[in-house]
Amino acid sequence: LPIYADGRHCIVYNGELYNYRQLRGELINAGAVFRTDSDTEVILAAYAIWGETCLSRFNGMFAFALYDSTRARLFLVRDQLGVKPLYYTEAGGRLIFGSEIKAILAAGCYSPEIDWQAVRDFFSFLFMPAPQTIWRGVFQLPPGHWLEYDLRGRRVARIEQYWQPLTAATQMAKPEEAREELRVTFTDAVTKQMVSDVPLGVFLSGGVDSSVAAALLAHGNSMVWSGWEKELRLPRWFSIVGDVFGVVLSLCLGCFIGHIVWNWALGGAVSLVGALSSTLIVSLIKARLGLDQTNEKTKDNHRHHKSKGNK
């Protein structure tokens, strides 16, 4: 549901702002008044006081639409790394958006049409590069970008990038400095995500990154890696991490086997096949949908009319 503030701003929000408490304190010092302790209200107050520059202060995973009634502007914003999805299209003088494409299709204002180049890209790269989607005319807002929609002119006024990873990176002079910076940054990132009203968990794959995350989360916490089916005897590395950091491990057998098959047996093969035969796959999909037959009928009719003309 949308949340309103000060009679001017309204927001629809999906996600979490990890540093909202810090920003809340800064906004109170700047004169903001809060009715709740939610991060949603912090976003509204941040925009009201700092404008679009507030985006550079946000640390989290989020996608939101913010309506400014005074300026007759609607802003769509996606987090820096694109953790939360955000799709949109323009149809019938309207901007239609949602966290899922099926929300756009359900609006009934857009006539779906497959973008075959996007399908080829998917089977070549195993993902669709932003801003394209499988539907022609439906776009995903790229990570670290915001879109401004002019409600009076009924058009997209601009799309801008507010965050770039290279400019956000810090240059290290020595390996020791880089190691310390990594430790501080990793610890800070995990600590900020430990703010929760429910028990915390960690997905432990056995790699270095997830094991470090488990170690940092384990300080004073009991964690569960939860599944849906039955427990499985875990590889030795899982057990070591569990014993050292006191992590309670539970695993979905089907998920585990699927992970092994995909990564060890099929992953490389599928990537290779996708890169070499995306055009063939697209042709097969078209044939399955009956599009090739339609095209062939059109060609036959064209040849028929042409032969009659020659006679």
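The main-chain N or O of Tyr162 is never found under 3.5 Å from a side-chain atom of Glu52 such that the two would form a donor-acceptor pair. Side-chain atoms of Arg78 do not come within 3.5 Å of backbone N or O of His145 as any donor-acceptor pair. Checking side-chain atoms of Asp79 against main-chain N and O of Gly82 turns up a donor-acceptor pair under 3.5 Å. A side-chain donor-acceptor contact under 3.5 Å links Thr53 to the backbone of Trp50.
Applying the salt bridge (charged side-chain N to carboxylate O under 4.0 Å, His left out) test to Lys192 and every residue at least two apart in sequence or in another chain returns Asp188. Legend: residues meeting side chain to side chain donor-acceptor pair (under 3.5 Å) with Gln161, ordered by chain and number and at least two apart, are absent. Scanning for ring-ring contact (aromatic ring centres under 6.0 Å, His included) contacts around Trp146 gives Phe75, with sequence neighbours left out. Checked against side chain to side chain donor-acceptor pair (under 3.5 Å), Asn59 has no partners two or more places apart in sequence or in another chain. Applying the side chain to side chain contact (heavy atoms under 4.5 Å, CB included) rule to Thr191 yields the partners Thr187; only residues at least two apart in sequence or on another chain are considered. Under the rule for a side chain to side chain donor-acceptor pair (under 3.5 Å), the partners of Arg73 that lie at least two apart in sequence or sit in another chain are Glu148, Asp150. When the side chain to side chain contact (heavy atoms under 4.5 Å, CB included) test is applied to Ala32, the partners found at least two apart in sequence or on another chain are Leu27, Phe34, Ala45, Ile49. With sequence neighbours left out, Arg154 forms a side chain to side chain donor-acceptor pair (under 3.5 Å) with no residue at all.
Screening residues 36-47 for side chain to side chain donor-acceptor pair (under 3.5 Å), with sequence neighbours left out, gives Tyr13-Asp39, Thr36-Ser38, Thr36-Glu41, Tyr47-Asp68, Tyr47-Arg71. Pairs engaging residues 122-133 under the salt bridge (charged side-chain N to carboxylate O under 4.0 Å, His left out) rule: none recorded [sequence neighbours left out].
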Could you go through Asp115 and Ile134, starting from their C-alpha distance and side-chain angles, then the distance that decides it, and tell me whether this counts as side-chain contact (heavy atoms from CB on, under 4.5 Å)? CA-CA 5 Å; Asp115 184 341; Ile134 194 172; over 6 Å; no

For Trp135 and Glu113, run side-chain contact (heavy atoms from CB on, under 4.5 Å): C-alpha distance rounded to whole Å, both residues' side-chain angles, the deciding distance at 0.1 Å, then the answer. CA-CA 6 Å; Trp135 301 111; Glu113 178 186 354; 5.6 Å; no

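Screening Ile11, Leu17, Leu86 for a side chain to side chain contact (heavy atoms under 4.5 Å, CB included) with Phe64, the sole residue that qualifies is Ile11.
A 4.5 Å side-chain heavy-atom check between Val77 and Phe62 finds at least one atom pair inside the cut-off.
Using a cut-off of 4.0 Å between Lys/Arg side-chain N and Asp/Glu carboxylate O, Glu177 and Lys174 are scored as not salt-bridged. With salt bridges taken as basic N to acidic carboxylate O contacts below 4.0 Å, one links Arg158 and Glu160.
Across every non-hydrogen atom of Leu147 and Leu141, the tightest pair is CB-CD1, 4.0 Å.
Of the N and O atoms on the side chains of Gln132 and Asp121, at least one donor lies less than 3.5 Å from an acceptor on the other residue.
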Ignoring hydrogens and angles, write down the donor-acceptor pairs under 3.5 Å from the side chains of residues 87-110, residues two or more places apart or on other chains.
residue: Thr89; atom: OG1; partner: Gly137; partner atom: O; Å: 2.7
residue: Tyr110; atom: OH; partner: Arg136; partner atom: O; Å: 2.4

